[in-house]
**Student:** 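After the structure tokens below, expect a handful of questions from me.
Only heavy atoms go into these numbers, but all of them, side chains included; no hydrogens, no water, no symmetry mates. If you read the sequence from its start, that first residue is 1, and numbering goes on from there.
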Amino acid sequence: MTELHTLAEQLAAEHDLPDEALHALIAGRNAEIQRHLVQRAEALRQKIYGNRIYIRGLIEFTNHCKNDCYYCGIRRSNGKAQRYRLTRADILACCEEGYRLGFRTFVLQGGEDPYFTDERLTDIVRAIRAGFPDCAITLSVGERSVQSYRALFQAGADRYLLRHETATKAHYDRLHPPAMDFERRMDCLRQLRRIGYQTGCGFMVGSPGQTDEHLVRELRFLKDFQPHMVGIGPFLPHADTPFRDQPGGTAELTLYLLSLIRLLLPEVLLPATTALGTAAGDGRERGIRAGANVVMPNLSPLSVRQKYMLYDKKICTGEESAQCVACLAKRMASVGCEIAVSRGDSLIRTQHNDFY
Ligand code: SAM
Ligand code: FES
């Protein structure tokens, strides 16, 4: 056994490693150690979740955004983006269709759009809660005040996804304009957990300036914070952003990190993301094999799909929701898995640690 194999075995047995060992695994990665990690991660996912893959219906309900992240295609300064907002009725129609297709979680995602005041958004959440009492409601609408997070929770939202994007402040400042603040984002994550949301964080793989040291810090942050969900996907450039000429992150490194994350956080809900499926045609299937256990098909109306363009060449923008579900079911079957009709709540009991 090589030293890296020994470290992989230790990680699989203990679900943690010192930072230097994580660094060795990341910096020394090769196809053989990747195969080894995939085996261990897939076996662990299988042991905990069996072959059931949870689906989340993604409703991209607004692409208006007041922020200006350097990487994002719907950033405020992108004058070429065709802006749209779904109405309350549109959103409920998406849920209706999603429910028929077997979804029991709806993810409302959007840019930071001031139109969606607490009053408007809580009204929408309450309507979904009343109409679909057996479904989970996940929000992914960026940074808001604690009062707002609380009001949305009380209105019936169960989960919140807020990628921290990077656990290193200097790197955060490289990816965002000065008006955006690393500490504030981390604070939002802590608040969300304290309120009682099942909380998801995450980062882009291969974002400009990201080093192996940064990746070790990502993994350490995840291990310390113990999120219920972790969303990672490759950074992919968008032609109308300041990062248009930056190289994209790779599917290979993303898959490698998915395995490491499964082994570090055995019970975590881990999606094989659309960005991963964009970086490689079989990215989502390979993501599942690497340890992921969630997929998030698009439930947005066909008419707006092309407009929620975070990065170039995004997949699944030309298909009806039903087609997306059928396609994903086939893809999951190709790796021995099946889609579960279930809320798919986190198995992680909310625990108290230093982050509270
Ligand atoms: N506005 C909300 C927020 O900030 O959390 C949710 C929407 S935001 C567009 C969702 C995620 O898309 C971001 O957290 C980011 O990680 C990802 N994203 C944005 N631009 C991307 C790009 N060019 N490549 C890959 N992922 C990207
Ligand atoms: Fe959308 Fe395959 S998941 S077309």
Side-chain angles (χ1 to χ4, degrees), residues 1-49 163-172 174 182 186 189 199-235 249-273 276 286-293 347-348 351 353-355:
M1 268 223 266
T2 65
E3 188 202 340
L4 290 186
H5 283 93
T6 311
L7 294 179
E9 284 306 293
Q10 190 183 339
L11 177 61
E14 297 171 13
H15 307 303
D16 202 1
L17 278 182
D19 285 0
E20 310 76 64
L22 289 174
H23 187 270
L25 274 176
I26 292 171
R29 63 186 179 272
N30 58 51
E32 205 203 317
I33 195 73
Q34 177 148 21
R35 271 195 299 275
H36 189 90
L37 283 171
V38 163
Q39 266 178 20
R40 291 288 178 263
E42 191 179 24
L44 183 57
R45 191 212 71 224
Q46 191 71 29
K47 183 172 134 198
I48 294 176
Y49 289 103
R163 290 189 179 180
H164 59 287
E165 314 295 1
T166 166
T168 305
K169 182 185 166 7
H171 188 219
Y172 189 90
R174 164 97 204 267
F182 172 75
M186 289 300 198
L189 272 177
T199 305
C201 58
F203 58 94
M204 288 179 294
V205 177
S207 58
Q210 187 179 68
T211 63
D212 290 348
E213 286 71 27
H214 290 144
L215 290 175
V216 173
R217 247 172 264 153
E218 297 309 335
L219 298 181
R220 181 56 49 209
F221 171 71
L222 296 181
K223 187 70 191 171
D224 288 344
F225 186 66
Q226 295 273 324
H228 302 89
M229 311 171 273
V230 172
I232 68 164
F235 156 72
T250 64
E252 288 312 318
L253 182 54
T254 307
L255 291 162
Y256 196 75
L257 289 163
L258 283 173
S259 296
L260 291 176
I261 293 168
R262 169 62 62 212
L263 294 172
L264 276 170
L265 299 170
E267 296 183 326
V268 80
L269 291 159
L270 191 60
T273 55
L276 178 58
R286 287 169 71 202
I288 296 299
R289 291 225 40 220
N293 69 325
L347 301 173
I348 300 171
Q351 349 166 327
N353 64 18
D354 292 347
F355 282 87

**Student:** Any side-chain heavy atom of Y256 sitting closer than 4.5 Å to one from V205?
**Tutor:** no
**Student:** Please check: side-chain N/O of R163 versus main-chain N/O of G231, any donor-acceptor pairing under 3.5 Å?
**Tutor:** yes
**Student:** NE2 of H36 to CG of L11: how many Å apart, nearest 0.5 Å?
**Tutor:** 9.5 Å
**Student:** Does any non-hydrogen side-chain atom of F203 lie less than 4.5 Å from one of T166?
**Tutor:** no
**Student:** Would a distance-only check, ignoring hydrogens and angles, find a side-chain to backbone donor-acceptor pair under 3.5 Å from H15 to L263?
**Tutor:** yes
**Student:** Check whether any side-chain heavy atom of N293 sits under 4.5 Å from a side-chain heavy atom of I48, and report yes or no.
**Tutor:** no
**Student:** Looking at L17, D212, L215, which one forms a side-chain contact (heavy atoms from CB on, under 4.5 Å) with H23?
**Tutor:** D212
**Student:** Can you check whether F182 reaches T168 side chain to side chain, under 4.5 Å on heavy atoms?
**Tutor:** no
**Student:** So which heavy atom on L7 is nearest to which on A24, and how close?
**Tutor:** CD1-CB, 4.0 Å
**Student:** How many angstroms lie between CG in L276 and CD1 in I232, if you round to the nearest 0.5 Å?
**Tutor:** 8.0 Å
**Student:** Of all the heavy-atom pairs spanning P18 and R220, show the shortest one and how long it is.
**Tutor:** C-NH2, 4.1 Å
**Student:** To the nearest 0.5 Å, what is the distance between CG on L257 and CG on L25?
**Tutor:** 10.5 Å
**Student:** Within the 4.5 Å heavy-atom criterion, are I33 and H5 side-chain neighbours or not?
**Tutor:** yes
**Student:** Would a distance-only check, ignoring hydrogens and angles, find a side-chain to backbone donor-acceptor pair under 3.5 Å from T254 to G233?
**Tutor:** no
**Student:** Any sub-3.5 Å donor-acceptor pair from R289's side-chain atoms to V38's backbone N or O?
**Tutor:** no
**Student:** For R262 and V268, indicate whether the former's side chain and the latter's backbone hold a donor-acceptor pair under 3.5 Å.
**Tutor:** yes
**Student:** Going by an N to O cut-off under 4.0 Å, is there a salt bridge joining R286 and E252?
**Tutor:** yes
**Student:** Is the shortest side-chain heavy-atom distance between P227 and L265 below 4.5 Å?
**Tutor:** yes
**Student:** With sequence neighbours left out, what residues match Q46 under side chain to side chain contact (heavy atoms under 4.5 Å, CB included)?
**Tutor:** N51
**Student:** How long is the span from the CG atom in L255 to the OG1 atom in T250, to the nearest 0.5 Å?
**Tutor:** 8.0 Å
**Student:** Flag the pair Y49 / L270 as yes when at least one side-chain heavy-atom distance between them is below 4.5 Å, and no otherwise.
**Tutor:** no
**Student:** Which atom names give the shortest non-hydrogen contact between L189 and F221, and what distance separates them?
**Tutor:** CD1-CZ, 4.1 Å
**Student:** Okay, side chain of H228, backbone of T199: is any donor-acceptor separation there less than 3.5 Å?
**Tutor:** yes
**Student:** Are F235 and Q210 side-chain neighbours, meaning at least one heavy-atom pair lies under 4.5 Å?
**Tutor:** no
**Student:** If you round to the nearest 0.5 Å, how far is NE2 of H164 from CD of E218?
**Tutor:** 4.0 Å
**Student:** Verify, without hydrogens or angle tests, whether R40 (side chain) and L37 (backbone) share a donor-acceptor contact under 3.5 angstrom.
**Tutor:** no
